[in-house]
Amino acid sequence: NPGILPGAPTVIDSIKNAMLNVQKSKVQQEKEFRKQLDKVKGEKDQLEAHLRKEMGTASLRKNELTKELEAAKMQRDMQQDVLIKEMDAIKAVRKELTGRMSEVTKEKEDLTRHLSILSKSRAELEQALEVEMKLVEKDRDALQKVVEERKKLQKQKMENKEL
């Protein structure tokens, strides 16, 4: 108001009221901010608690998974050892069988060679036997003819004696 002097009591009261209103609004605003801050702090505490709980659960799960992984690695290592031993045993058996197979192959070759020799000898023996059989048959035939001629001669002798 232009008619009011700056030092007048109404101006002072008006300023005091304005300051009081500003102060009240600041206090009210501060209360609201504090409520919001408390609410946010509560939410933060809840989130931190939830996060701690989740982190604990995750840590437990990680520990469980780590233990399972270690157990799986141990089992894999044991299985690998067993498989390596089995492979070594198979290689040894294979080596032994290969050796035996070579021996058997050599023996077979020797037997085949021997059989070939025996077959040749047998064939030669059969041929010689055939020749002998033919000679014996010729001798037999010759003997039969001689026997027949003797019989004829004896018959003739007998006839001659009778005459």
Rounding to 0.5 Å, atoms CG (L83) and CD1 (I90) come to a distance of 9.0 Å
Please round to the nearest 0.5 Å and tell me the distance separating atom OG1 of T57 and atom CE of M55. 11.0 Å
For Q144, what residues pass the side chain to side chain contact (heavy atoms under 4.5 Å, CB included) criterion, not counting sequence neighbours? R140, D141
List in chain and number order the residues that pass side chain to side chain contact (heavy atoms under 4.5 Å, CB included) with E107, two or more places apart in sequence or in another chain; answer none if no residue qualifies. L111
Looking at K145 and E149, is any side-chain nitrogen of the basic one under 4.0 Å from a carboxylate oxygen of the acidic one? no
What is the distance from atom NZ of K24 to atom CG of N17, rounded to the nearest 0.5 Å? 8.5 Å
Just how far is it from atom NZ of K152 to atom CD of E159, taken to the nearest 0.5 Å? 12.0 Å
Do side-chain atoms of S116 reach the backbone of T112 as a donor and acceptor pair under 3.5 angstrom? no
Listing request: all salt bridge (Lys or Arg N to Asp or Glu O under 4.0 Å) pairs with a residue in residues 70-80, at least two apart in sequence or in separate chains. none
Set of side-chain hydrogen bond (donor to acceptor under 3.5 Å, both in side chains) partners for R113, sequence neighbours left out: D110
Give the C-alpha distance, both sets of side-chain angles, the deciding distance and a yes or no for side chain to side chain contact (heavy atoms under 4.5 Å, CB included) between V22 and K26. CA-CA 6 Å; V22 168; K26 281 185 179 181; 3.9 Å; yes
To the nearest 0.5 Å, atom CD of E148 lies from atom NZ of K155 at 11.5 Å
Set of residues satisfying side chain to side chain contact (heavy atoms under 4.5 Å, CB included) with respect to L135, sequence neighbours excluded: V131, E132
What I'd like to find out is whether the side chain of R34 reaches to under 4.5 Å of the side chain of E30, using heavy atoms alone. yes
Mind checking what makes side-chain hydrogen bond (donor to acceptor under 3.5 Å, both in side chains) contact with Q23, not counting sequence neighbours? none
Are any non-hydrogen side-chain atoms of V82 and M78 less than 4.5 angstrom apart? no
Nearest 0.5 angstrom please: L125 CG to Q127 CD, how far? 10.0 Å
Closer than 4.0 angstrom, basic N to acidic O: yes or no for E48 and K44? yes
